[in-house]
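So that the names make sense, note that chain A is the first sequence line, chain B the second, and so on, each numbered from 1. What's counted below: heavy atoms across the whole structure, side chains too, no hydrogens, waters or symmetry copies.
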2 protein chains.
Amino acid sequence: MSEEKYILVVDDEPAILDMVEFALKRTGFRLMLAEDSMQAMSRIAESKPDLILLDWMLPDISGVDLARRLKRDELSKSIPIIMLTARAEEGDKLRGFEVGVDDYVTKPFSTRELIARINAVLRRAEPQQDDAGLCMRGLELDPSTHRVGFEGEKVSLGPTEFRLLHFFMTHPERVYSREQLLDRVWGQNVYIEERTVDVHIRRLRKELATHGCDKMIQTVRGAGYRFSEQT
Amino acid sequence: MSEEKYILVVDDEPAILDMVEFALKRTGFRLMLAEDSMQAMSRIAESKPDLILLDWMLPDISGVDLARRLKRDELSKSIPIIMLTARAEEGDKLRGFEVGVDDYVTKPFSTRELIARINAVLRRAEPQQDDAGLCMRGLELDPSTHRVGFEGEKVSLGPTEFRLLHFFMTHPERVYSREQLLDRVWGQNVYIEERTVDVHIRRLRKELATHGCDKMIQTVRGAGYRFSEQT
DNA sequence: CAATAATATTACAGCCATATGACAGAAAGG
DNA sequence: CCTTTCTGTCATATGGCTGTAATATTATTG
């Protein structure tokens with residue numbers, strides 16, 4: 001808890017912004033500011049904050065949509081999000097939670113409440129570090145050590161293959177199109193041939209094949225690829 | 001998302017119709033038109049739309065009555081309805097919501113507002129159909145994993161057969177002509193022989209037959225095909 | 001029951017999606 | 001600065017999928 005946490009505040013109302021800024025700085029957080037979704041995304045790209053305070057209403061892309069986007073991207077999905085909303089309607093809240101938002105604060109709110117929620121969410125998020133070791137059918141991947149193994153044997157992968165496998169193991173059983181994979185494994189602003197995905201799938205399979213577990217990467221013709229424990 | 005949504009517009013004013021048609025087509029929706037309630041019902045019987053835009057005032061049966069009727073029928077009750085009304089009176093709105101209408105747009109309206117409402121309603125309705133695995137009489141289809149099974153056994157289908165079955169399972173108990181199937185399963189700008197549908201029906205049935213559930217795809221002579229749980 | 005229409009079934013050739021191997025440039029590491 | 005590894009693209013191979021037509025079967029009609 002010694003290290004200072006960075007909080008990105010996304011809001012276009014100066015009044016709110018001032019209040020939040022004052023309260024958070026006083027409590028010992030470091031701030032990053034953005035006035036709309038575009039700015040928010042570039043801030044995040046520059047430097048990953050520890051938590052995002054996100055207004056429901058924004059000038060460009062709506063807060064929920066931004067949240068959905070962030071929660072979909074491999075790089076930003078682990079960042080907790082607290083939404084600020086004027087509406088207390090249950091429907092909206094539900095939509096937010098579906099998207100993966102971590103908590104809600106309804107305007108008007110006290111700084112005390114805000115701080116409390118932020119601390120609660122940060123505490124909850126702490127142990128949820130993404131370096132929990134993954135294991136499926138003997139195939140182990142440890143993000144913290146950046147190692148992959150199969151039943152004790154060492155599996156050696158290049159950086160991209162590692163990220164690809166990591167994505168698959170955290171999203172098993174589901175089919176992803178080449179486009180989605182490019183978006184989520186490579187990052188959203190890259191222009192790369194879709195066929196390139198095939199090649200990396202091939203490289204990943206080739207290495208897995210030496211250990212006899214390449215069948216876990218499955219081709220779904222006309223749709224994309226899937227990582228699965230089942231045959 | 002990926003698939004084109006069908007919207008049935010029920011209105012007898014050419015001016016409104018033109019405007020709506022232009023706006024919706026531009027946004028990428030597929031249109032179905034009806035000028036009164038009777039037409040609307042037969043359109044729905046032909047092919048189930050994903051959403052209905054319903055004028056309050058119609059030449060024959062009033063819009064509210066039609067809405068009530070649709071919301072009572074098992075086959076059409078899940079279709080979201082947005083009412084178009086000139087009156088802003090709360091009483092009318094209430095009556096509409098009681099009937100089960102999903103949203104209201106008061107004339108005059110901007111196309112932007114209309115589109116926004118449509119998207120909102122569709123998004124709200126989405127989680128029912130999009131990701132939820134479908135299951136009927138032991139036959140399971142999961143769009144997210146792209147897997148089909150029958151009582152645990154794996155059912156393997158080609159891409160077209162998968163889409164065909166997916167369409168059928170989301171539109172059960174209703175007859176679709178070959179033309180309609182080509183339109184909705186293959187896409188709108190395809191020039192393909194109608195007989196080709198027979199062949200894909202055959203392929204689908206053949207695979208289903210190995211699991212003993214091919215009876216669910218039924219031929220309706222002179223009309224088309226139907227997917228049904230009943231025998 | 002014959003004649004006709006609609007659907008079922010089969011076979012097949014072209015096409016399209018994916019797999020694979022090779023390569024040059026970029027990045028990383030020594 | 002050189003070596004090595006990694007990356008993205010292309011060319012080619014392969015195999016499955018697709019649409020069509022030809023033929024068989026079944027239903028409808030008079």
Side-chain angles (χ1 to χ4, degrees), chain A residues 146-148 154-168 175-210 214-228, chain B residues 2 146-148 154-168 175-210 213-228:
Chain A
H146 224 265
R147 270 177 217 275
V148 185
K154 179 182 169 191
V155 176
S156 35
L157 301 174
T160 306
E161 282 69 57
F162 180 86
R163 266 180 295 140
L164 188 57
L165 181 59
H166 183 260
F167 175 78
F168 272 133
V175 175
Y176 291 94
S177 68
R178 290 157 229 278
E179 190 188 346
Q180 288 174 320
L181 288 172
L182 281 175
D183 237 42
R184 302 181 63 164
V185 176
W186 274 255
Q188 44 194 348
N189 316 329
V190 290
Y191 166 63
I192 288 180
E193 282 293 321
E194 287 201 352
R195 294 269 131 252
T196 299
V197 175
D198 298 28
V199 179
H200 285 277
I201 288 280
R202 155 76 174 151
R203 288 169 181 157
L204 178 51
R205 275 178 174 157
K206 198 169 185 175
E207 176 59 22
L208 290 181
T210 66
D214 57 312
K215 293 292 185 301
M216 295 171 95
I217 307 281
Q218 300 169 355
T219 301
V220 180
R221 184 170 261 260
Y225 297 96
R226 169 179 57 205
F227 180 86
S228 173
Chain B
S2 51
H146 227 267
R147 278 196 157 106
V148 185
K154 180 180 165 191
V155 175
S156 35
L157 302 174
T160 305
E161 283 68 58
F162 181 89
R163 269 180 293 140
L164 188 57
L165 180 60
H166 183 256
F167 175 78
F168 272 133
V175 178
Y176 288 94
S177 69
R178 290 158 229 278
E179 189 188 347
Q180 289 173 326
L181 288 172
L182 281 175
D183 227 46
R184 304 197 56 164
V185 176
W186 274 255
Q188 53 179 340
N189 319 328
V190 290
Y191 159 63
I192 288 180
E193 283 293 320
E194 287 201 352
R195 294 270 129 250
T196 299
V197 176
D198 298 29
V199 179
H200 284 278
I201 289 281
R202 154 76 174 152
R203 288 170 181 156
L204 177 52
R205 275 177 173 157
K206 196 171 186 176
E207 175 60 22
L208 291 181
T210 66
C213 57
D214 57 311
K215 293 292 186 301
M216 296 170 96
I217 307 281
Q218 301 168 354
T219 302
V220 180
R221 199 180 175 83
Y225 298 96
R226 170 180 55 206
F227 180 86
S228 172

Query - Minimum-distance nucleotide (side-chain atoms of A:Glu161 versus C:dT7, D:dT7, D:dC17) - result: D:dT7

Query raised in the report: What is the distance from atom CD of A:Gln180 to atom CZ of A:Phe167, rounded to the nearest 0.5 Å?
Result: 7.5 Å

Query raised in the report: Could you give the CZ-to-P distance, from A:Arg178 to D:dT9, as a whole number of Å?
Result: 14 Å

**Report entry** Touch class at under 4.0 angstrom, heavy-atom based, for B:Thr196 against every strand present
**Finding:** base

Query raised in the report: Does C:dT18 have OP1 or OP2 sitting under 4.0 Å from an N or O in the side chain of A:Thr219?
Result: no

Query raised in the report: When the distance from CD of A:Glu193 to P of C:dT18 is rounded to whole Å, what number comes out?
Result: 14 Å

Report task. Provide, to the nearest angstrom, the distance between the CZ atom belonging to B:Arg202 and the C1' atom belonging to C:dT10. Result -> 8 Å

Report task. Starting from P on D:dC17, measure out to CZ on B:Arg163 and report it in whole angstrom. Result -> 13 Å

Report task. Starting from P on D:dC6, measure out to CG on A:Leu204 and report it in whole angstrom. Result -> 14 Å

Requested in this report: Check the angle between the aromatic planes of B:Phe162 and B:His146 and answer parallel, tilted or perpendicular using the 30° and 60° thresholds.
Outcome: parallel

Query raised in the report: In terms of side-chain heavy atoms of A:His200, which of C:dT18, C:dT9, D:dT7 is nearest?
Result: D:dT7

Requested in this report: Answer with base, sugar-phosphate or nothing: what part of the nucleic acid does B:Arg205 contact at a heavy-atom distance below 4.0 Å?
Outcome: sugar-phosphate

Requested in this report: Report the C-alpha separation of B:Tyr225 and B:Val197 in whole Å, then their side-chain angles, then the decisive distance to 0.1 Å, and conclude whether the side-chain contact (heavy atoms from CB on, under 4.5 Å) test is met.
Outcome: CA-CA 10 Å; B:Tyr225 298 96; B:Val197 176; 4.2 Å; yes

Report task. Mind calculating the distance between CZ (A:Arg195) and P (C:dA17) to the nearest angstrom? Result -> 8 Å

Query raised in the report: In terms of the angle between their ring planes, are B:Phe168 and B:Phe227 parallel, tilted or perpendicular, with boundaries placed at 30° and 60°?
Result: parallel

Report task. Using whole Å, report how far CZ of A:Arg203 lies from C1' of D:dT5. Result -> 11 Å

Requested in this report: Would you please test A:Glu207 and A:Leu165 for side-chain contact (heavy atoms from CB on, under 4.5 Å) and show each step?
Outcome: CA-CA 11 Å; A:Glu207 176 59 22; A:Leu165 181 59; over 6 Å; no

Query - A:Trp186 side chain near D:dT7 phosphate (N/O to OP1/OP2, under 4.0 Å) - result: no

**Report entry** Residue mapping more 5' on DNA chain C - nearest nucleotide basis, B:Tyr225 or A:Tyr225
**Finding:** B:Tyr225

Query raised in the report: Between C:dC16 atom P and B:Ile192 atom CD1, what is the distance in whole Å?
Result: 12 Å

Query raised in the report: B:Glu194 near the nucleic acid: base, sugar-phosphate alone, or nothing, with a heavy-atom cut-off under 4.0 Å?
Result: nothing

